[in-house]
Amino acid sequence: MEHEYFAPGLGDADAAVTVFRGSRAECFEFSLVLDARAVPHERIDSGAEWRLRVQPAVADLATDELNRYRSERGARRDPPPAIVPFGGSRIGAALYAAVLIGVAYCAGIAAFDTDWFAAGALWSHAGAAAEGWRAVTALTLHLDQEHLLGNLLFGAGVGILAGRMFGPGVAWLGIVIAGAAANYVDMLVSPAGHRAVGASTAVFAALGMLAGFGWGQLSQRSDRRLYRWGPLFAGFCLLALLGAGNEHVDVLGHLLGFLAGVLLGWLFARGGVPRGRRLRPQWAAGSLAVFILGAAWFVALHRGH
């Protein structure tokens with residue numbers, strides 16, 4: 001049994017032309033398209049399917065509007081390009097752990113007769129702008145075993161995800177750069193006497209890279225729905241959940257790290273980074289990350305003497 005739903009001004013239903021057949025949900029969706037263009041029409045429920053009918057005088061207009069809407073809707077709903085995970089992400093996480101543990105050991109025994117915290121901690125003071133190495137070295141220092149363990153576990157987990165997304169070398173180079181940039185800004189804008197250490201700024205930079213990359217990919221699609229902001233919203237939720245704490249937590253550093261990572265991840269998405277799956281760029285990027293850390297500590301320890 002058919003049920004007819006007539007729009008005002010449709011006229012003689014016997015001469016109506018069917019311009020759509022499909023499910024109830026799609027029928028109502030396409031009916032809204034015709035409503036928006038003020039095209040008189042009717043919805044027909046025949047049990048097995050729903051139809052939209054219009055008068056012959058507006059059939060061409062209705063068909064054109066529905067076809068254009070189908071084309072736009074199809075473009076919006078194209079799935080994002082598939083991402084094939086990179087291998088070697090655990091190697092990058094293992095090297096991250098080795099660096100943090102190695103620095104913790106050296107700081108604990110005051111290797112090279114140097115106070116590693118005095119030499120490498122983030123420190124806001126009048127001459128901070130000239131001590132850029134601290135933005136890097138502070139990422140590898142930790143106050144105690146609990147502080148170190150937390151950043152080892154959280155950082156390795158997020159680092160593995162970033163390594164699978166961008167490749168381990170590119171991922172860790174990006175993490176070091178974004179984390180150091182955030183630390184440097186933190187050192188310049190924080191009140192005099194502010195000191196901070198820990199890899200958490202770099203860890204939140206890694207989280208920001210993932211969120212920024214997802215946001216950048218979705219923003220390139222024609223879809224205008226709010227879910228294109230989903231990756232960024234999820235990242236901010238995790239930042240709020242994990243990045244705040246007691247008065248000893250450098251919340252500004254965490255926020256700056258996340259924002260620096262978001263910017264870098266967005267640039268990666270817009271620039272198509274990484275552009276290939278060759279191993280040489282990954283090795284080069286990973287080696288540069290290690291060099292940056294080593295060079296920063298070389299300067300810090302030299303100045304410490």
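What you see below is based on every heavy atom in this structure, not just the backbone, and it leaves out hydrogens, waters and symmetry mates.
F86 has its ring centre no less than 6.0 Å from the ring centre of F166. Taking the ring centroids of W50 and F20, they lie at or beyond the 6.0 Å cut-off. W116 has its ring centre less than 6.0 Å from the ring centre of W297. Aromatic ring centres of W266 and F213: separated by at least 6.0 Å.
At a threshold of 4.5 Å between non-hydrogen side-chain atoms, the residues L256 and N183 do not count as touching. Side-chain contact between H194 and D186 is present, with at least one heavy-atom pair separated by less than 4.5 Å. Inter-residue side-chain proximity for V197 and H142 is flagged as unmet; no heavy-atom pair is nearer than 4.5 Å. Proximity of F112 to C106: side-chain heavy atoms (C-beta onward) are nowhere separated by under 4.5 Å. Taking the side chain as every heavy atom from C-beta outward, P40 and V54 never approach each other to under 4.5 Å. Between V203 and Y96 the shortest side-chain heavy-atom distance falls below 4.5 Å. Using a 4.5 Å heavy-atom threshold, the side chains of L52 and R43 count as touching.
Looking only at distances, a side-chain donor or acceptor of Q282 sits under 3.5 Å from a matching main-chain atom of V170.
Among residues two or more places apart in sequence or in another chain, the salt bridge (Lys or Arg N to Asp or Glu O under 4.0 Å) test is passed with E131 by R134. Partners of F298 under the side-chain contact (heavy atoms from CB on, under 4.5 Å) rule, at least two apart in sequence or in another chain, do not exist in this structure.
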| request: Go through R195 and F117 one step at a time and tell me if the side-chain contact (heavy atoms from CB on, under 4.5 Å) criterion holds. | output: CA-CA 10 Å; R195 294 178 182 266; F117 285 91; over 6 Å; no

